[in-house]
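Shown next, in structure tokens, is the structure this report addresses.
By convention in this document, chain letters (A, B, ...) are assigned in the order of the sequence lines, proteins followed by strands, and residues within each chain are numbered from 1.
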Amino acid sequence: MGEQLIIEEFATPADGEPFLLELGSWEGPLDLLLALARSQKVDLREISILALVEQYLDFIANAKALKLEIAADYLVMAAWLAYLKSCLLLPREPHVDPSPEELALRLQLRLERLNAMREAGARLMGRDRLGRDVFARGLPDGLRVIRKAKWDAQIFDLIQAYGHVKARAMPAFHIVARRRVMTLEDAIERVARLVGVAIDWMEIGHFLPETDDPVFRRSALASSFVATLELARQGRLELAQEEAFAPLMVRAA
Amino acid sequence: MIDPAEDLSRAVEATLFAASEPMTVSEIAAYVGIDADVKGALSDLAMRYEGRGINLVERGGRWLFQTAPDLAHILRREREEARKLSRAGIETLAIIAYHEPVSRAEIEAIRGVQISKGTLDVLMEAGWVRPAGRRDVPGRPLTYATTPGFLAHFGLESRRDLPGIEDLKAAGLLDPVDLAFDALEMQGRDAEQLETVDESD
Amino acid sequence: MIDPAEDLSRAVEATLFAASEPMTVSEIAAYVGIDADVKGALSDLAMRYEGRGINLVERGGRWLFQTAPDLAHILRREREEARKLSRAGIETLAIIAYHEPVSRAEIEAIRGVQISKGTLDVLMEAGWVRPAGRRDVPGRPLTYATTPGFLAHFGLESRRDLPGIEDLKAAGLLDPVDLAFDALEMQGRDAEQLETVDESD
């Protein structure tokens, strides 16, 4: 696809087809700028950035008039170029950094680099390519690697496996490891007895047996809590709690 | 490339080289030129390649390049690859070792799981298991036994060197699987927090 | 076949003919003999095939037989190329080949536009581009480089054979814009070479 052709495609979009951006071969602002630069048929180092900017902005204006969808990239570039153009046209302010000349030069350098890569790509594609211009053998016999498995197993694997097999065959019996727990009956008896002795509100923790075993303590707390609920239901004690997770207070009814 | 015969020879050579099928003379001519003396070029090429690593040959009216038959041995390369036996494989091997001669049905009864044909094949391919005659019962099932290669690989003088059931038990290798699992779980915890088994009644 | 050098030559010839991929010297040696002078045999063979319809060529350290480029006209297949690379793809490939290893951001800086999702994928799928490690800068961006398959496909012995790469390098056209700009500044190139305000309109 020659650059000239591309320019023509841009200039005359075929029967209302959406903008050529969607064709995938056109991708971005530098692309278009480069195409415009080349249409001037001059060395990239000698082109007028200003003229280029004008052409680009014309193109964008034209595209907008055609109510075509324009990629953000193009508009960003257009805005940037409009800025560059104004900088180049207006009397120069002495200490503006970077200077418009610098910006223009950088733009030129970018175009040169993109152009170099585009030409390199074209030369690459034009080479004698394997499968298109030159061919590898069509009917390779194939080199064969015969894989010989070297099975690996150790004596321990063997006897461990046999142990597993035998263990699977043994009748399984299960033992539940037992923990110390406080039964609900014990808790009801204990709480009922202690609450009778107490005069005022007491935190539920005071009803628990002394223990260093945190597991047993948890069991006792759970059972005692249920015990207080049961005793409250029977009207034998009152429960109070100020808010969620506040201490649970107990006293005789 | 002033010599037209040489040009044709090159063209035929390249055409056959790139072809994905053996080609007839007229198929070749369709590429290199209808009026070309393809036959002449082919016999010329065949002579050129005589004695080389590649030969140009005719098979049923079709021509192809092929590697010289005497070089077939270098085009194959053997490579040993270490592979681990599958769980089914090692269990089956263990059962055969402990119970030989043993039939496939017996192996399955002991394992409690069916075994695939491939499992026994692998063990035989490894040289550790051999067929050991048929059992004199209805159906005459084939039995399997281990080989001297098996003993050599596992460093055993004889099958009697395999640890017995009592040894396995002592080594903890007979623990039921879920108990062994519990034991692992418990290791991390403080044993004092748990009632021990003998305290229960 | 009394001549050992001739034996080796035949063996290398047959091995490369049978291979379905280009092979390195050591891969060939694995077939024909570890101690063999494969390099010598290869250059001998390359000379023998010079000017023939088939040539022996080296691509990125890998050797293969392929048809002579001047015979493309008789061999070129009618059917379309499997997949025509988009222009974005061609540019991206060129940028990677001439700048490798190069990050996505660097590719985008040269093209002046973001790379769409599929572009790198297509190049990697074609086997021409591979990820080439992360760059040791903030963000640790992944870089890309070409593969041996790229060299083989485009008929390049090495990256040094990339068309015009020496000229581009000498002209600084492979340097980033910042570097080129600084270089120009150093040379004292000034704004006079650019169009000045008063030359316009």
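- A/Tyr162 and B/Tyr98 have parallel rings, their planes meeting at less than 30° on a 0 to 90° scale where 60° marks the start of perpendicular.
- Within 6.0 Å of atom CZ in A/Arg217, 12 or fewer heavy atoms from other residues, nucleotides or ligands are found, so the atom counts as exposed in its surroundings.
- For B/Arg159, the CZ atom counts as densely surrounded, since its 6.0 Å shell holds more than 12 non-hydrogen atoms of other residues, nucleotides or ligands.
- The line from CG of B/Leu85 to CG of A/Asp157 is 8.5 Å long, rounded to the nearest 0.5 Å.
- Within 6.0 Å of OH on B/Tyr49 lie more than 12 heavy atoms contributed by other residues, nucleotides or ligands.
- A donor-acceptor pair under 3.5 Å is formed between the side chain of A/Arg137 and the backbone N or O of B/Phe65.
- The part of A/Gln154 that comes within reach of chain B is its backbone (N, CA, C, O), which places non-hydrogen atoms under 4.5 angstrom from that chain.
- Ranking A/Ala161, A/Pro140, A/Ala153 against chain B, the residue ahead of the rest is A/Ala153, based on heavy-atom pairs under 4.5 Å.
- Proximity to chain A is limited to the side chain of B/Leu162, based on heavy atoms less than 4.5 angstrom apart.
- Remark: B/Arg111 engages B/Glu91 in a side chain to side chain donor-acceptor pair (under 3.5 Å) (not counting sequence neighbours).
- Distance check, rounded to the nearest 0.5 Å: CD1 of B/Ile110 to NZ of A/Lys166 gives 6.0 Å.
- For a heavy-atom cut-off of 4.5 Å, chain A lies close to B/Val122, B/Glu125, B/Ala126, B/Trp128 in residues 121-131 of chain B.
- Within 6.0 Å of the CD atom in B/Glu58, the count of heavy atoms belonging to other residues, nucleotides or ligands exceeds 12.
- The shortest heavy-atom contact between A/Leu158 and B/Ala94 is O-CB, 3.5 Å.
- At a 4.5 Å heavy-atom cutoff, the contact between A/Ala136 and chain B is made by backbone atoms alone.
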